[in-house]
Amino acid sequence: MLTNLTGFFIQLGITAVSLWVASLIFNGIRFANPSSLIVSALLLGFANAVLWPLLVLLTLPLTILTLGFFLLVINALMLLLVAKLVSGFTVSGFWTALFASLFVSIFSLFLNSLMPDTEMTIYRLPPSGRTISM
């Protein structure tokens with residue numbers, strides 16, 4: 001159970017760092033304080049886990065028609081929803097949300113690729129003096 005919690009906090013940190021870097025790059029994104037950044041990252045993760053699959057399912061014909069580009073609109077709407085719900089987090093408009101959500105997705109993917117795999121197996125060498133047979 002503790003490993004799942006560790007992964008949750010790592011993912012929360014990656015999302016928070018991605019949102020923070022996006023606020024430095026895009027002028028239309030602002031955080032009033034660090035707590036609004038953490039709450040926004042937590043709520044964005046929850047919205048992406050719960051609402052995003054439902055919205056993708058409901059808009060599947062439109063997503064197929066636009067060859068998947070409507071998924072970018074759904075990501076932008078998730079970011080705008082979080083900005084409406086969290087006081088201290090503001091997004092200036094739809095286009096800022098669209099490009100910022102694209103940046104957050106790509107930057108989070110990059111940061112996740114730097115993290116070690118949770119399924120990693122650690123092999124320990126035997127104490128010195130013993131031989132290893134394969």
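Across all non-hydrogen atoms, the minimal contact from Ser18 to Leu111 is OG-CD1, 4.0 Å. Ala100 and Ile29 make their closest contact through CB-CD1, 3.1 Å (heavy atoms, listed as atom of the first residue, atom of the second, distance). Summarising the geometry of Ala16 relative to Leu37, their closest heavy-atom pair is O-CD1, 3.6 Å, with the distance given to 0.1 Å. Closest approach of Ser36 to Ala32, counting heavy atoms only: OG-N, 3.5 Å.
A continuous path of Ile, Leu, Val, Met, Phe, Trp and Tyr side chains, each step under 4.5 Å between heavy atoms, connects Phe103 with Phe69, placing both in one hydrophobic cluster. Using a 4.5 Å cut-off between side-chain heavy atoms of Ile, Leu, Val, Met, Phe, Trp and Tyr, with links allowed through other members, Ile10 and Val17 fall into the same hydrophobic cluster. Using a 4.5 Å cut-off between side-chain heavy atoms of Ile, Leu, Val, Met, Phe, Trp and Tyr, with links allowed through other members, Ile14 and Val21 fall into the same hydrophobic cluster. Linking ILVMFWY residues whenever their side-chain heavy atoms come closer than 4.5 Å, directly or via other members, leaves Leu62 and Leu67 in distinct clusters.
Taking a 6.0 Å sphere around CG of Asn27, one finds it holds 12 or fewer heavy atoms contributed by other residues, nucleotides or ligands.
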Candidate pair Leu54 and Leu58, rule side-chain contact (heavy atoms from CB on, under 4.5 Å), full reasoning = CA-CA 6 Å; Leu54 181 65; Leu58 290 175; 4.2 Å; yes

Go through the steps to decide whether Phe8 and Leu42 satisfy the test side-chain contact (heavy atoms from CB on, under 4.5 Å), and finish with yes or no.
-> CA-CA 10 Å; Phe8 169 77; Leu42 187 63; 3.5 Å; yes

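Under the 30°/60° scheme for interplanar angles, the aromatic rings of Phe107 and Phe110 are found to be tilted.
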Taking distance alone, no hydrogens or angles, what donor-acceptor pairs closer than 3.5 Å link side-chain atoms of residues 70-99 to residues at least two apart or in another chain?
| unit_1 | atom_1 | unit_2 | atom_2 | d |
| --- | --- | --- | --- | --- |
| Asn75 | OD1 | Trp52 | NE1 | 2.8 |
| Ser92 | OG | Thr96 | OG1 | 3.1 |

